[in-house]
Every structure is written in structure tokens, then in C-alpha cells.
Amino acid sequence: MRNKQRATITALVAAVLIMFGFWLLLRNIGQSAGHPLNTLAPQGQQSWDIQNLVIPVFAVAGVVFVLVEVGVLWMAVRFRRNREDVDGVDEPAQTHGNTPLEIGWTIAPAVLLAVLAVLNVQTLLKIDNHQADAMEVTVVGQQWWWEYRYDFDGDSQPEIITATQMVIPARKDVVVKIQSNDVIHSFWIPALNGKKDAVPGRTHQLVFNADNPGIFEGQCTEFCGLSHGVMRMQVKALPEAEFVKWKAAMVAPPREPSTALEKEGQALFVGQCARCHEINGLTPESTEPYTYAAAPSANYGEEVGSSLASKNAPNLTHLMMRQTFAGNLLALYEGDAATAVVAIPEGKPDTNNIKNWLRNPQDVKPMDPENNQGMPNLNLSEPQIDALTAYLTTLKSSLAPPA
Ligand code: CUA
């Protein structure tokens, strides 16, 4: 009798503790503030579809888990062997070969899993659905940053190439074509959809449809070398009219440098940076803007046509049209301007961040430039850094108001 009471108390305590664990887990549902990568805080149609599958599946699995765990603990305590027990005397009835019981516990889980499988497949098909005229963005994983190519006329020559911050219209389907230029990465914006691996030589597809304008954070989720842990990205969803403005600004040429310092910086850029970073029309090999391979080359820096296949460094043509750089680690603008949901960022450029990066990029994130992975330390002097920073902060669309 003592065992029976003990078993009941154990089972009750276990049930309370397990419920408390579930409560800790569930109270984060819908919390995006301070949890930018929360998978349970959907802000897009596809992530809602996933949420609407996860919660019932989790509820069913949770009920099964509680019943099984509480039952196991109750039985372990209720029927445990006491010191004074004699083998073969007063043992519980042994159950073996009970056909109805065995058929029952085979069929019940099978039916349950079949139901869950149907719901899973339904959701998988649903999140792949998109409007026929949905905009396409090609996403290319690189060590350790993300490139975005917009090919609006479908001729395989992107009209816009940018990095780190992807810009899309809100409340519209956007088809994201995920590729890789080196190793396997994984593209994941939890507020908008699940994750998909970026695999060299393959194209994987996700569909985004943001509920509202906003900036949604992401993180590479496939180990891809030294700076995998800080390979971050953003999606900025703009109201449709603002997106049209962004697109027009991005296809316009960048502003020309005007001051002596900016021009000095431009000359330095051509000499030091243009080997890896492209600015459309700046150097002879970039005068034909956007002559890129249709798909990224599997080999580093392989020559494709007159230009390198996107090279291995971000295209900086409209650098200041983005709000973060260095794989989303550093802000390009000071204060709220770095997170404002606008087509054309306005505000004071964060020159300290740019200068810190130029002083030694490897202080900001670990890289291995000897093996063509990341940016080398160019050992620039302070006056060179000042000139380059002056030039880089001019790199904004000529349609944008002056900074
Ligand atoms: Cu890219 Cu991990």
C-alpha cells in the first residue's frame, strides 16, 4: 500500500513539473521583441502556416509525452522491488501475449502518425504555393555573407545585386532561389518561413510573404567554417510604393564623389579594393554592369565572361542603400537610421564602424583570407582609411537625397 501512495505522489509531482516545463516553452509563442530568431513568432504567411501545424502537433505530442512519462514513473514506483520482497511471492500479475493490447498499441500510434503525416504534407504543399507573377530573388551563400540578385526581366542578367539586407515588398509573394558559391550554408529568416540549405550546384526555393513592413533577422544555420556563427542577414519588407522607390534608386547609378578626399578614396578603392569588390562601372572590368554568370560558379573567383562570378566579396555599388554590413554585424548608420523601415536610408553614416572594419576586418569577424575566405587586413594607414570611408559613404543611389 505504501508503494501505491508513493507512486501516486511521484506521478502527480512529475505531471506538475512537466506542465511547468511546457509552460516555460509555450510562453514564448508570439514573442518577437528581444527574440529576433524566435521560430514561434510568425510575421509572414508561410511562417503562420508552419505555426498552425506546429501547435496542434506539439499539443498531441505533449499529451502523449505527459501520459507516457507519468505512467512510466507511476509504474516504476508502484511496482518496484522492496528489500523484504521474496522472489516469486506476491509479484504483480505478469502480462504477456495479450493480443488485443498489442494490436491496440500498434494501431493507435500508426493512426496518429498517419493523421500528422497528412497535415504535414498539406502544410509543405501550402508553403510552396505562390502567385504566378511573384517576384524572384536569387540568394547566394558566400563565406560568410549573403548576396541577393534581382532579375526583373528574366534574362538571367540581374539588374540589382546587393548583400546582407534583402529588400522585398510586404504582403506580396516573393520566391527566394537559394544557391551557394562555396560550401553548404542554410538560409533562415524564422519570422517569414522555415530554413533551406544553400548547396553548391543546386537551387532550393522558399516563398516569403511578410504580413507587414518590417526588418526580419536571420542566421546561417549550416556549419560553414570560421564565421558561421556570425553569418547573419536581414530581410526588409517595404510597403509596395516604397519598394518601387527602392528599386528605382537601386538601378540608378551611384552618386559621384565630389570632394578631394572622396576622390582620393575612390582612387584607393580602384587600387586596393576593386580586385574583389565590384562597383558597377568603376573599373574597366565592371563597366559592363552586372555581367554575371547565370548561376554562381562552384569554383572560387572563376572567370566568367568579362567579369568574375560575383567575385567573392559583396558588390558595393549602392553600399549606403543598406543599413548594415560585414554580414549584418555592423550598422552602416548611427542610431535609429540603422533599423528604419524605409526605401532610402537617411541619417548619419556610422563612420566608426566602417573605419574599424577597414583597420582590421578580422578583429570584427574571424576570416581566413589566405584561403580565399573573407577579407584580408590591407594594413591601411589612418589617412587612407579616412579617404576610403569618405568615398564609401558616397555610395548611395544618385536618386537619393545627399547624406
Ligand atoms: Cu554560412 Cu553557416
Side-chain angles (χ1 to χ4, degrees), residues 35-39 46-47 50 136-150 158 161-168 174-208 215-236 276-278 292-293 295-302 308-316 319 322-332 357 361-376:
H35 305 87
L37 298 179
N38 188 353
T39 46
Q46 289 69 25
S47 50
I50 295 173
E136 270 186 24
V137 184
T138 300
V139 171
V140 186
Q142 311 242 21
Q143 279 169 321
W144 291 273
W145 55 282
W146 295 91
E147 179 174 275
Y148 310 115
R149 305 176 181 193
Y150 298 71
I161 296 186
T162 180
T164 304
Q165 191 178 49
M166 182 202 282
V167 180
I168 61 170
V174 176
V175 175
V176 181
K177 302 259 184 188
I178 300 162
Q179 303 177 342
S180 170
N181 199 28
D182 36 53
V183 297
I184 302 177
H185 304 269
S186 187
F187 191 74
W188 185 51
I189 309 286
L192 297 181
N193 203 332
K195 60 183 76 159
K196 274 271 166 83
D197 277 6
V199 179
R202 292 183 62 96
T203 300
H204 293 157
Q205 189 168 307
L206 277 177
V207 181
F208 289 162
I215 292 181
F216 310 105
E217 303 287 334
Q219 160 73 45
C220 177
T221 52
E222 180 71 45
F223 180 67
C224 55
L226 266 183
S227 274
H228 155 70
V230 288
M231 183 171 168
R232 298 179 191 163
M233 61 288 204
Q234 287 182 338
V235 169
K236 177 164 73 176
C276 301
H277 289 281
E278 206 140 356
Y292 293 91
S297 157
N299 301 319
Y300 275 118
E302 190 189 332
L308 292 170
S310 91
K311 306 198 174 178
N312 297 317
N315 183 305
L316 298 180
L319 174 68
R322 347 200 233 253
Q323 283 150 297
T324 68
F325 74 113
N328 199 21
L329 282 180
L330 299 176
L332 270 172
W357 176 256
Q362 284 153 77
D363 277 350
V364 178
K365 68 174 179 182
M367 292 180 284
D368 185 13
E370 287 72 31
N371 288 307
N372 218 346
Q373 298 170 348
M375 180 161 158

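Whatever order the structure lists them in is the order used to number ligands and atoms, beginning at 1. Note that the numbering runs from 1 along the sequence shown for the chain.
Residues Val183 and Gln143 share a closest heavy-atom pair of CG2-NE2, 3.6 Å.
Atoms of the protein (N, O or S only) found under 2.8 Å from atom 1 (Cu) of ligand 1 are His185 ND1, Cys220 SG, Cys224 SG, Met231 SD.
Remark: Glu217 pairs with Gln234, Asn328 by the side-chain hydrogen bond (donor to acceptor under 3.5 Å, both in side chains) rule, at least two apart or across chains. Under the side-chain hydrogen bond (donor to acceptor under 3.5 Å, both in side chains) criterion, Gln323 pairs with Gln165, Lys236, sequence neighbours left out. Considering only residues two or more places apart in sequence or on other chains, His228 meets the ring pair (Phe, Tyr, Trp, His ring centres under 6.0 Å) condition with Phe223.
Taking CE from Met233 and CD from Gln219, the interatomic distance works out to 7.0 Å, rounded to the nearest 0.5 Å.
With hydrogens and angles left out, the side-chain atoms of Asn193 and Ser47 include no donor and acceptor closer than 3.5 Å.
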